[in-house]
2 protein chains.
Amino acid sequence: MVTLKEVAERCNVSATTVSNVINGKAKTSEETKNRIMQVIKETGYKPNTIAQGLRVKKTRTIAVIAEDIAQFTSPPMIESIMETCEKKGYRVVVHNLRLYDRWSDTWYGQEDEYHSVLDPVIKDILSAQIDGVIYLAGHARIIKTFNAGFNLPIVMCYAYSESPHIPSVVIDDEKSSYEMVSYLIKMGHERIGFIGGRMDNIHTAQRLMGYQKAMYENGLLFDPKLVYYGDWSRKAGHEGAKALLERNVTAIFGISDRMTGGVYDYLEEKELIVGKDISVAGFDNESIAEFFRPKLTTTELPLREIGAKSAELLLDKLEGANGDSQIGDEPKVYKYPCKMIIRRSVSEK
Amino acid sequence: MVTLKEVAERCNVSATTVSNVINGKAKTSEETKNRIMQVIKETGYKPNTIAQGLRVKKTRTIAVIAEDIAQFTSPPMIESIMETCEKKGYRVVVHNLRLYDRWSDTWYGQEDEYHSVLDPVIKDILSAQIDGVIYLAGHARIIKTFNAGFNLPIVMCYAYSESPHIPSVVIDDEKSSYEMVSYLIKMGHERIGFIGGRMDNIHTAQRLMGYQKAMYENGLLFDPKLVYYGDWSRKAGHEGAKALLERNVTAIFGISDRMTGGVYDYLEEKELIVGKDISVAGFDNESIAEFFRPKLTTTELPLREIGAKSAELLLDKLEGANGDSQIGDEPKVYKYPCKMIIRRSVSEK
DNA sequence: ATGAAAGCGCTAACAC
DNA sequence: GTGTTAGCGCTTTCAT
C-alpha cells in the first residue's frame with residue numbers, strides 16, 4: 001500500500017500539501033494540484049482510514065446494534081440504514097445480539113443475561129471509535145440501557161427510549177390498527193375478534209387502543225371477551241381462533257400474519273371458508289401473506305422508511321446539524337404510518 | 001476515554017509495561033501486574049482499536065461483501081458468519097451491493113455497472129485495513145472479479161470462484177435434487193415436470209443434472225419436454241405448471257418455493273388438488289413453505305452451515321493455520337448437503 | 001522485570 | 001501557496 005508520504009516524495013512536495021489537496025483544505029496552485037492528482041491515480045493511492053481515524057478522532061463509521069437480525073423486520077431496516085449512510089460516506093458495522101435466537105421471549109427483564117451480551121458489544125464499539133449508534137429492536141419496547149454514561153450519539157429504531165437525548169423512530173401502531181378495524185366495521189362487521197401478543201407488549205397495547213377507538217367512533221360496544229392474548233406464534237393464532245369463534249365473531253384481526261396463519265389453520269379444520277364464512281385480517285405484510293389462500297388482507301410495515309429516518313437523525317447529530325438544539329423533557333418520537341393492503345380475506349358481512 | 005499512557009502514569013510504570021501486561025507479552029512481576037489490572041478495572045480502560053490497528057497492521061475485522069442482503073438466503077448466512085467471527089474476536093462489517101434491488105436479474109454480464117458498485121466497496125475495504133473478505137452471492141454463480149491484483153484473503157460463500165487461491169462454499173445442488181426426484185419416483189411418479197431458473201444458472205443446471213441422474217438410475221427415460229425454464233418468480237411457476245400439465249405430468253418439481261407458489265396458483269385455478277390429484281415439491285424451505293396448503297414438501301438450505309464454514313476458512317487463512325499449504329490448479333469447493341423436508345404436497349401415485 | 005525511543009499514516013497549527 | 005513540527009494511542013526493538 002502506497003502512503004501519503006510516498007506520494008509527496010514523488011511530487012517533491014510535503015505531506016501537508018498532498019493532504020490539503022485530497023481534503024480540499026488550503027488553496028493549492030493548479031499546477032501542483034494536477035501533479036499530485038496524477039501521481040495518486042498512477043499509484044492507486046488510497047488514504048488509510050485507520051490513520052485518519054486516529055488523528056481526526058472521527059471514523060465515519062456508525063454501528064447498528066441489532067437485537068436479532070433474524071427477525072423478519074430487521075433486514076429491510078438494516079438495508080435502508082446502510083443505504084442512507086453510504087450515500088453520505090459513512091460505513092456501517094452491524095452487531096447482532098441474537099436475543100431471540102438465544103432466549104426467544106424469555107430475556108425480557110432478565111437484565112443480567114441481557115447485559116452479558118450487550119456489554120461486550122458496547123465495549124467493542126467504544127474501542128473501535130465508532131461515531132454513533134443505531135439500536136435496532138426486534139419488537140417495540142422501551143429501552144432503558146443507554147440512559148447512563150453512554151455518551152455517543154444514539155437513536156432508537158423500532159423501539160422507544162426513555163431519555164430525552166435519544167430520539168426514537170417507530171411505526172404508528174394505534175393508527176394502523178384503527179384503520180384496519182374501521183375497514184372491518186365498514187364491511188359490516190361488529191363482532192371482531194382481536195388476537196394480540198402479550199398483554200404488556202407495546203404493539204399489542206397500542207393496536208388494541210386503535211381497535212377500541214374505531215369501535216367507539218362507530219358507536220360499537222367494546223367487548224373485552226373478544227380479545228385474546230397470544231405470543232406471536234402460529235399456534236397462538238390457532239388457539240385464539242378457537243376461543244374467539246365460540247364467541248360468535250364474524251371477523252378476526254390477528255396482529256401478526258404469522259398468528260393469522262394459525263387462524264387459517266383452525267378455520268380450515270372447521271371447514272369454514274376465509275373471506276366468505278368469516279373474515280380475517282393480519283398485520284405485517286410478511287412475505288407469507290401473499291401465499292395464504294385466500295391472500296391475506298393485512299398492514300404493511302414501513303420498515304425501510306424507519307431505517308432511513310433513523311440513519312438521517314443520527315447523521316444529522318453527527319454533522320452537528322442543529323445539535324441538541326431544543327430538547328424537552330420527553331424523548332422525541334417519530335411515528336410512521338403503515339399501509340393497509342387489501343386482498344381477499346375480508347368480505348362484506 | 002482513558003488511554004494506555006494514563007493507566008501507566010497512575011501505576012508509575014511505563015506504557016510498555018502496561019501493554020505487555022494486557023497482551024501477555026513479556027513477563028511481568030505479579031505485583032505490578034496486579035496493580036495494573038486494578039487500575040484498568042477502576043478506570044474502565046479499553047485499548048483503542050484504531051491505534052492498535054495502525055501500529056500492528058491487523059484490524060481483526062473482516063468484511064462481508066453481500067450481493068444483496070434482501071435475498072432471503074443472505075441473513076442466515078451473515079448471521080452465522082458473525083457468530084463465528086465474534087467467537088474468535090473478529091469484527092465484521094457488511095457491505096451491501098444491492099445488486100438485485102437495483103437491477104433485478106439484468107446485471108449478469110454487465111461488467112461496467114457491476115464494477116461501478118463493487119469498486120468503491122473494495123476501495124473502502126482496502127482503506128479500512130480490513131484483514132479478509134467473504135463474498136456472499138445472492139445466487140450461485142462463478143465470480144471472476146478477484147482474480148487479479150486483489151491480495152486480501154477471500155472466500156466465496158454461496159458462489160464459485162475461478163481462482164485456486166479462493167475457496168468456495170456452496171450447497172450440493174445436484175445431490176439434493178437427486179434425492180428429491182428419487183423420492184418422487186419412489187412415490188410412483190414417472191412423468192415429473194421440472195421448473196428451473198434460467199438455463200445458464202448454476203442451480204438450475206446442477207439440479208437438472210440431479211433430476212436426470214435419478215431418472216437414469218431408475219431406468220426412466222428423460223423427456224426434455226418436461227423441463228420448463230423460468231425466472232424464479234411466482235408467475236414463472238404459474239406458467240410452468242400450465243405448460244407442464246399439458247404434457248401429462250403427475251408431479252411437478254419447482255426448484256424454488258416461490259415458483260412453486262405459482263404452481264399452486266395454477267392448480268387451484270384448474271381445481272386440481274395438490275397432494276392428491278397432483279404432487280408438488282419445492283426447493284429452499286423458505287418460510288412461506290409452511291403456509292402453503294397443503295404444506296409444501298421441499299428441501300432445506302444449509303445456510304448457517306455454509307456461512308460458518310466460510311468464516312472458518314477465512315479465519316484459518318488469517319491465523320495462517322496451514323496457509324495456502326497445498327493449492328492445486330482448481331479452486332477448492334466445499335459442498336454442503338441440503339435436507340429434504342417431507343410435508344403433505346407429495347402423495348403416492 | 002522494566003523503560004526510552006521510535007514510528008505506524010495521517011492532519012492541525014503555525015511559520016514562512 | 002507550501003513546509004515544519006508535533007502528536008493521535010499504541011506496540012516494538014533494544015537497552016538497562
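These numbers were taken from a predicted model, which means no experiment stands behind them. Letters go in sequence order (proteins before strands), and every chain restarts at 1.
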For [range], which residues have at least one heavy atom under 4.0 Å from DNA chain D?
range: residues 45-54 of chain A; result: A:L54
range: residues 120-130 of chain A; result: none
range: residues 21-29 of chain B; result: B:N23, B:K25

Which residues share a side-chain contact (heavy atoms from CB on, under 4.5 Å) with [X], sequence neighbours left out:
X: B:T32; result: B:V13, B:T28, B:S29, B:R35
X: A:K87; result: A:E83
X: A:P153; result: A:L314, A:K317, A:L318

5' to 3' on DNA chain D, which nucleotides open and close the contacts with chain A (atom under 4.0 Å from a heavy atom)?
D:dG1 to D:dG9
Name all residues meeting the salt bridge (Lys or Arg N to Asp or Glu O under 4.0 Å) criterion together with A:D68; count only those two or more places apart in sequence or in a different chain, and write none if there are none.
none
Heavy atoms of B:I125 and B:A63 approach each other most closely as CD1-CB, 3.7 Å
If you restrict it to nitrogen or oxygen atoms, what contacts under 3.5 Å exist between nucleotides 4-7 of chain C and the protein, and what is each distance?
residue : atom : partner : partner atom : Å
C:dA4   : N6   : B:T16   : OG1          : 2.7
C:dG7   : N2   : B:R55   : NH1          : 3.0

Nearest whole Å is fine: how far is C:dC10 C1' from A:R60 CZ?
16 Å
Charged N to carboxylate O under 4.0 angstrom, A:R60 versus A:D131?
no
Face-on cation placement of B:K332 at B:Y334 ring, 6.0 Å and 45° thresholds:
yes
With B:R141 as the cation and B:Y114 as the aromatic partner, state whether NZ or CZ is under 6.0 Å from the six-membered ring centre and within 45° of the axis.
yes
How long is the span from the CD1 atom in A:I81 to the CD atom in A:E86, to the nearest 0.5 Å?
12.0 Å
Could you check B:I122 against B:L118 for side-chain contact (heavy atoms from CB on, under 4.5 Å), going step by step and ending with a plain yes or no?
CA-CA 6 Å; B:I122 290 188; B:L118 179 62; 3.9 Å; yes
So do A:Y336 and A:V170 actually touch side chain to side chain, heavy atoms under 4.5 Å?
no
Taking side chain as C-beta onward, heavy atoms only, is B:R98 less than 4.5 Å from A:E79?
yes
Axis-to-axis angle for the helix from C:dA1-D:dT16 to C:dC16-D:dG1, ends of five pairs each, to 10°, equals 40°
For C:dT2 and B:T32 - does any side-chain N or O of the residue sit under 4.0 Å from the phosphate oxygens OP1/OP2?
yes
Answer with yes or no whether the side chains of [Y] and [X] bring together a donor and an acceptor at under 3.5 Å.
X: A:Y135; Y: A:E67; value: yes
X: A:E42; Y: A:Q38; value: yes
X: A:T17; Y: A:S14; value: yes

Please lay out, stage by stage, how B:R91 and B:I62 fare under the test side-chain contact (heavy atoms from CB on, under 4.5 Å).
CA-CA 6 Å; B:R91 241 152 284 119; B:I62 70 131; over 6 Å; no
With sequence neighbours left out, what residues match A:R10 under side-chain hydrogen bond (donor to acceptor under 3.5 Å, both in side chains)?
none
Can you list everything that forms a ring pair (Phe, Tyr, Trp, His ring centres under 6.0 Å) with B:Y100? Sequence neighbours excluded, please.
B:W107, B:H139
Nearest nucleotide by nearest heavy atom, which residue falls closer to the 5' end of DNA chain C, A:L4 or B:R35?
B:R35
